[in-house]
Amino acid sequence: MVRRNVFSFLAVGIFFFENGCAPPGSGPGPADGGDAGAGADAGPVADAGPDADAGAVADAGPVADAGADAGTDAGPSGPPTISGFNPTSGYLNAAVVITGANFTGATQVRFGSNSATYTIDGPTQITARVPLNGQTGQVNIEVQAPSGAFTSLTPFTILESYGVWREDVDASYASADAGLTGNFQSGQNADIMLSGIDFNQTGGPLLFNHPGTCASDGTRLFLADRNNNRILVWSTIPTANTPPDYVLGQPDLTSNNPGTGLNQLNWPVSVSVGGGKLVVADTENNRLLLWDSIPTDGGQAANRSIQITEWPWGVWTNGTKLAATATRGAKLHVWDSFPTMTNQAATHTITGNGMGTPRTITSNGTYVIVGDHNAVTDAGEGQMNFFWTSWPDADDAGPTFSRRPVGDTNYGWMQGEITADNKLVMIGRSLFIWDSLPTNATQEPNLIVGTGGTGNPSTFYDFTGGDGSGLCFAAGRLFVSLSNGNLFAAYNALPTDAGQKPDFAVGAPDLTTNTLNANYFITNPNPTTDGVSLFASSDFDRAVYVWKKIPNQSGARPDYVFHTPMAPWDSVAYGGKLLVAGGDQILVWNTLPTNGAYPDRNFQGTIGIASLNGVNGVSWDGTYFAVANGMAGKIWVWTGIPDAGSNPTFVWETPGQQPNRLSSNGTRLVTAITNNQRVAVFTLTDPDAGARYVQGGPGMQPFNLPESALLRGSTLIVADTGFHRVRVWNDVETAIDGGESNIVLGETTLSDYVPEIGINKVFWPATLDFDGDYLWVGEYKFSGRLVRYSIRP
């Protein structure tokens, strides 16, 4: 058995990145159904690879409604017939109006062999959408009904869109002026925020943002609304989509600023309640908050805190015992009695035994289960659950056994609750139920509910969970917190059938609406701009968002969303073109798609000798076109945008290094070498010169897993992701020579590393673009904001 090293030691401390993540841009990486592209777990750490949820796919369009008859006809007088359709050609997801007769009660509409979503407008008209299957060319349209079927006499032409389909958004927003003068100022406030409501705004009590675990004392229900820095509390157990009664960690139900007081929170992942006591894992404040009695109104401060400097994630209590994980320290802390003093030391601390980055805790006070993101044991590597069949009573009390998650072992560890009659219910890729507590690694669940079960049809419920999801019982009901689905799915009783869907949702109008998608929150926004329009790609969402104008107000919705077949990892808008790269593809728009136009070209697989399998960087400066493949350790450069068979003009090889996103100013090209903690600078006009490096500054100020580097003129801007800041050098040569950055954004000083979502703070900044007036910063993994900074006089 070989243990992979997950630690990187820097002069300022210890930081690490996660194993098991999909390579950047390779498509959704179901390693933990996680929140974003960075796979790193702990505190000041980022990761270059996407950690996406394979189930996070946008809605294909309107749902078919075979009974939606807008007319007054009592029923069809014969089989359906098609007399025509308009338009006669279109892209994927295009609306097509089909005219004819006897459409009432139609049961299916097909374009060729593929079923379409549709609405029956009346007995003589159906509106259908071109199926999203990537098929192109001429196909006939067929309408089926109980009385018969009819196939069009003339074909419909599905236009080539390279698997891309467009969503039109009803957007209206103020646009920004250009021509600003000045520079940035260290610690300055951001101007606006996209991919969210606004600074210090949640959008209300029922708009969650990646909820964490839940808990109940049988009367009240508690939910850790993680990215909103709050604990939501229902005084009575909800039976429908009813708002919470009060909030902990915030002054009201509309605020979400973080804080460090005992009445404040910064990214709370887990909540637990028992014996009249409440505990919260206040993760980014590196502490547990403890209440000696259940708070009965909003804003009530905790009685004390326990500092856990190694990123506490999971927490459990029954009011007598307490347990918490330290993710960055690979530790499980247990207290045999509930702490009565601030920073009271644990009774025992368990380490080793293959634990890598332990996350969640499930327990009944005797039996203990810990979910781990990066375990390395004889049972395997990666996602793992460790089982103690009795409460750990010594520092060397190793688990009784360990096992990979059930079903999709790459999706995520399991987390859940033990019932009063010793059933074990866990959420992972699906809902797993054991009728008795497992005593060994081979004991399989008695019931698997949802899409993750072997052979389950697609009609079963998709539990879109991910990092931080959990479940709890409350007054006989089972509530499942779905972090990536952004809702509570609730059963009125423990399900008994594999296909049983939840009975209602809390935090969404129904069981399938993701309110993050509905409000155009972007996971892993990657901005690019030409100074007139703004574009943001997302590997997790498999989408490109288009603002025709530079928005000048927070929460501005895009004008268009292009849904892509691959997971975009890098993009560039320059010289009237837009290029979007990820996986094994590069999409090319020859004109910026501000009118909704589809891509003109698609490089797939290779360009000449260059392999696009895992492409994670692309740049275009009007002269040089460059592509990076981090896994291959190569950057290929062409003069001009090539044909598919054209070999590069020259190649830079980076042995042992993985180039990430690219940026070029026409003379130099820069790329973040994320896992080597530096930025490489190449001279395009002297390709034989090789790379020079920016290490982050002299003395104690290196980078911590920088995700992006950007050149605009002579200005170098670096997303110092793991240290939660953006650093600006007015002259790239100064940076290469070891000079300190002139400006820091997202923090007030270079000694502040705490991730926060304040107006002058950033949380895992990973992507950048600057048009000379406005700098856009995209946050990754455990945040998702797209914030804008303006230069100032």
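Bear in mind the structure is a predicted one, so any value in this text is a computation, not a measurement.
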For Phe103 versus Thr124, what's the shortest heavy-atom pair and its separation? CD1-C, 3.5 Å
List the steps and the verdict of side-chain contact (heavy atoms from CB on, under 4.5 Å) for Asn241 and Phe504. CA-CA 8 Å; Asn241 187 25; Phe504 63 94; over 6 Å; no
Say whether Asp121 and Thr127, considering side chains only, have a donor N or O and an acceptor N or O under 3.5 Å apart. yes
How about Tyr173 and Asp559: does a side-chain donor come under 3.5 Å of a side-chain acceptor? yes
Take Tyr545 and Val169 through the test side-chain contact (heavy atoms from CB on, under 4.5 Å) and record every step on the way to the result. CA-CA 10 Å; Tyr545 301 79; Val169 183; over 6 Å; no
Nearest heavy atoms of Val544 and Thr564, plus distance in Å: CG2-CG2, 4.1 Å
Give the C-alpha distance, both sets of side-chain angles, the deciding distance and a yes or no for side-chain contact (heavy atoms from CB on, under 4.5 Å) between Trp234 and Val506. CA-CA 11 Å; Trp234 286 261; Val506 181; 3.7 Å; yes
Asp769 meets the salt bridge (Lys or Arg N to Asp or Glu O under 4.0 Å) criterion, sequence neighbours left out, with Arg712
Correct closest heavy-atom pair for Trp547 and Ala536 would be CZ3-CB, 4.0 Å
Tell me every residue that passes ring pair (Phe, Tyr, Trp, His ring centres under 6.0 Å) with Phe111, counting only those two or more places apart in sequence or in another chain. Phe156
Residue that, paired with Arg230, satisfies side chain to side chain donor-acceptor pair (under 3.5 Å) out of Asn256, Asp225, Asn209: Asp225
Nearest-0.5 Å distance, CZ of residue Phe463 to CG of residue Leu511: 9.0 Å
Flag the pair Arg557 / Asn519 as yes when at least one side-chain heavy-atom distance between them is below 4.5 Å, and no otherwise. yes
So, do Pro495 and Leu431 sit near enough that their side-chain heavy atoms are less than 4.5 Å apart? yes
Of all heavy-atom pairs between Cys214 and Leu471, which one has the smallest distance, and what is that distance? SG-C, 3.5 Å
OG1 (Thr523) and CZ (Phe782) are apart, to the nearest 0.5 Å, by 12.0 Å
Starting at CG of Asn484, measure out to CG of Asn514 and round the result to the nearest 0.5 Å. 8.0 Å
Sequence neighbours excluded, the answer for side chain to side chain donor-acceptor pair (under 3.5 Å) partners of Thr88 is none
All ring pair (Phe, Tyr, Trp, His ring centres under 6.0 Å) counterparts of Tyr598, not counting sequence neighbours: Tyr91, Phe562
Roughly how far, to the nearest 0.5 Å, is the CZ atom of Phe535 from the CG atom of Asn526? 13.0 Å
Under the side chain to side chain donor-acceptor pair (under 3.5 Å) rule, collect the residues that match up with Ser83, sequence neighbours excluded. Thr99
With a 3.5 Å distance limit and no angle check, can you tell me whether Tyr118 reaches the backbone of Val143 through a side-chain donor-acceptor pair? no
All salt bridge (Lys or Arg N to Asp or Glu O under 4.0 Å) counterparts of Asp570, not counting sequence neighbours: none
Using every non-hydrogen atom in the two residues, find where Asn486 and Phe208 come nearest and quote the distance to one decimal. ND2-O, 2.8 Å
Taking all atoms of both residues into account, what is the closest heavy-atom pair of Pro568 and Ser538, and its distance? CD-O, 3.3 Å
The reported gap from CG in Asn524 to CG in Asp541 (rounded to nearest 0.5 angstrom) is 7.5 Å
Holding to ring pair (Phe, Tyr, Trp, His ring centres under 6.0 Å), I want the full list of residues that pass it with Tyr774, two or more places apart in sequence or in another chain. none
Report the residue from Asn590, Leu578, Leu587 that forms a side chain to side chain contact (heavy atoms under 4.5 Å, CB included) with Asp600. Asn590
Does anything in residues 90-113 pair up under salt bridge (Lys or Arg N to Asp or Glu O under 4.0 Å), and if so which pairs, sequence neighbours excluded? Arg110-Glu142
Tyr574 meets the side chain to side chain donor-acceptor pair (under 3.5 Å) criterion, sequence neighbours left out, with none
Checking side-chain contact (heavy atoms from CB on, under 4.5 Å) for the pair Lys781/Asp467: CA distance, chi angles, key distance, verdict? CA-CA 10 Å; Lys781 182 66 174 180; Asp467 278 358; 3.3 Å; yes
Could you list the residues that satisfy salt bridge (Lys or Arg N to Asp or Glu O under 4.0 Å) with Asp191, not counting sequence neighbours? Arg788
Kindly compute the distance separating CG (Leu232) from CG (Leu253), expressed to the nearest 0.5 Å. 6.5 Å
Got a sec, which residues hit salt bridge (Lys or Arg N to Asp or Glu O under 4.0 Å) with Asp503, two or more places apart in sequence or on another chain? none
Please collect all salt bridge (Lys or Arg N to Asp or Glu O under 4.0 Å) contacts where either partner lies in residues 471-485, sequence neighbours excluded, each pair once. none
